[in-house]
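Numbers here simply count residues along the sequence, with the first being 1. Keep in mind it's a predicted model, so treat the numbers as computed, not measured.
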Amino acid sequence: MAAQIQYADVEVGTVLPAASFPVSRATLVRYAGASGDFNPIHWNEKFAKEVGLPDVIAHGMFTMAEAIRVVTDWVGDPGAVVDYGVRFTKPVVVPNDDEGALIEVTAKVAVKLDDNRVRVDLTAMSAGQKVLGMSRAVVQLA
């Protein structure tokens, strides 16, 4: 697989297609099984509240993974992401209802780098709060 986006076709300020990712309690249980992270703050409402959280929260790494999907969908190749980092600023609170939570992600090209690479800055929001800070990816374009 190779990047589908051409470096010459991208400018600083290019906006990537936004996306929203629903998160339910069932999603968290499946992620816990896949990742091996069974911390009860991600599935046990009573425990989460006892340690001071408002409710069960999504795994930070899950939130991070959902956010980068905006970039990988845009570039057409997950392997084109050569660097990615975030700061976890707020948790994604996942209520036990039919709706769960929603992670809303926007992104834009912030810098054109050497060697057909660009830095993409992402914004991830949930319930009106920024849940990832300094969310940046370096992407190798065609």
Using only atom types and a distance under 3.5 Å, with no angle test, would you say the side chain of [X] pairs donor to acceptor with the backbone of [Y]?
X    : Y    : value
R25  : G100 : no
K112 : Y7   : yes
Q140 : D115 : yes

Practice problem: Kindly indicate whether the side chain of V118, heavy atoms from C-beta on, has any atom under 4.5 Å from the side chain of L113. | Solution: no
Quiz item: Is L53 close to I41 at the side-chain level, that is, under 4.5 Å between some pair of heavy atoms?
Solution: yes
Looking at [X] and [Y], what are the two nearest heavy atoms and their distance?
X    : Y    : value
H59  : L28  : CE1-O, 3.6 Å
A101 : P95  : N-CD, 4.4 Å
V81  : A137 : CG1-CB, 4.4 Å
P17  : W74  : CD-CD1, 3.9 Å
V120 : L122 : O-CD1, 3.7 Å
A58  : V23  : CB-CG1, 4.5 Å

Quiz item: Taking only residues two or more places apart in sequence or in another chain, which ones pass salt bridge (Lys or Arg N to Asp or Glu O under 4.0 Å) with R30?
Solution: none
Indicate, with yes or no, if [Y] and [X] share a hydrophobic cluster defined by side-chain heavy-atom contacts under 4.5 Å among Ile, Leu, Val, Met, Phe, Trp and Tyr.
X    : Y    : value
L132 : V71  : yes
L16  : I103 : yes
I57  : V105 : no

Quiz item: Is the number of heavy atoms from other residues, nucleotides or ligands under 6.0 Å of K90 NZ greater than 12?
Solution: no
Quiz item: Taking only residues two or more places apart in sequence, or in another chain, which ones meet Y84 in a ring-ring contact (aromatic ring centres under 6.0 Å, His included)?
Solution: none
Going from [atom1] on [X] to [atom2] on [Y], what distance comes out if it is rounded to the nearest 0.5 angstrom?
X    : Y    : atom1 : atom2 : answer
S35  : H42  : OG    : NE2   : 8.0 Å
D55  : E45  : CG    : CD    : 4.0 Å
L141 : R117 : CG    : CZ    : 10.0 Å
F62  : T27  : CZ    : OG1   : 5.5 Å

Quiz prompt | Residues that T72 engages under side-chain hydrogen bond (donor to acceptor under 3.5 Å, both in side chains), provided they are two or more places apart | solution = none
Quiz prompt | CA sep, side-chain torsions, deciding dist, call: F21, L102, side chain to side chain contact (heavy atoms under 4.5 Å, CB included) | solution = CA-CA 6 Å; F21 305 101; L102 193 64; 5.7 Å; no
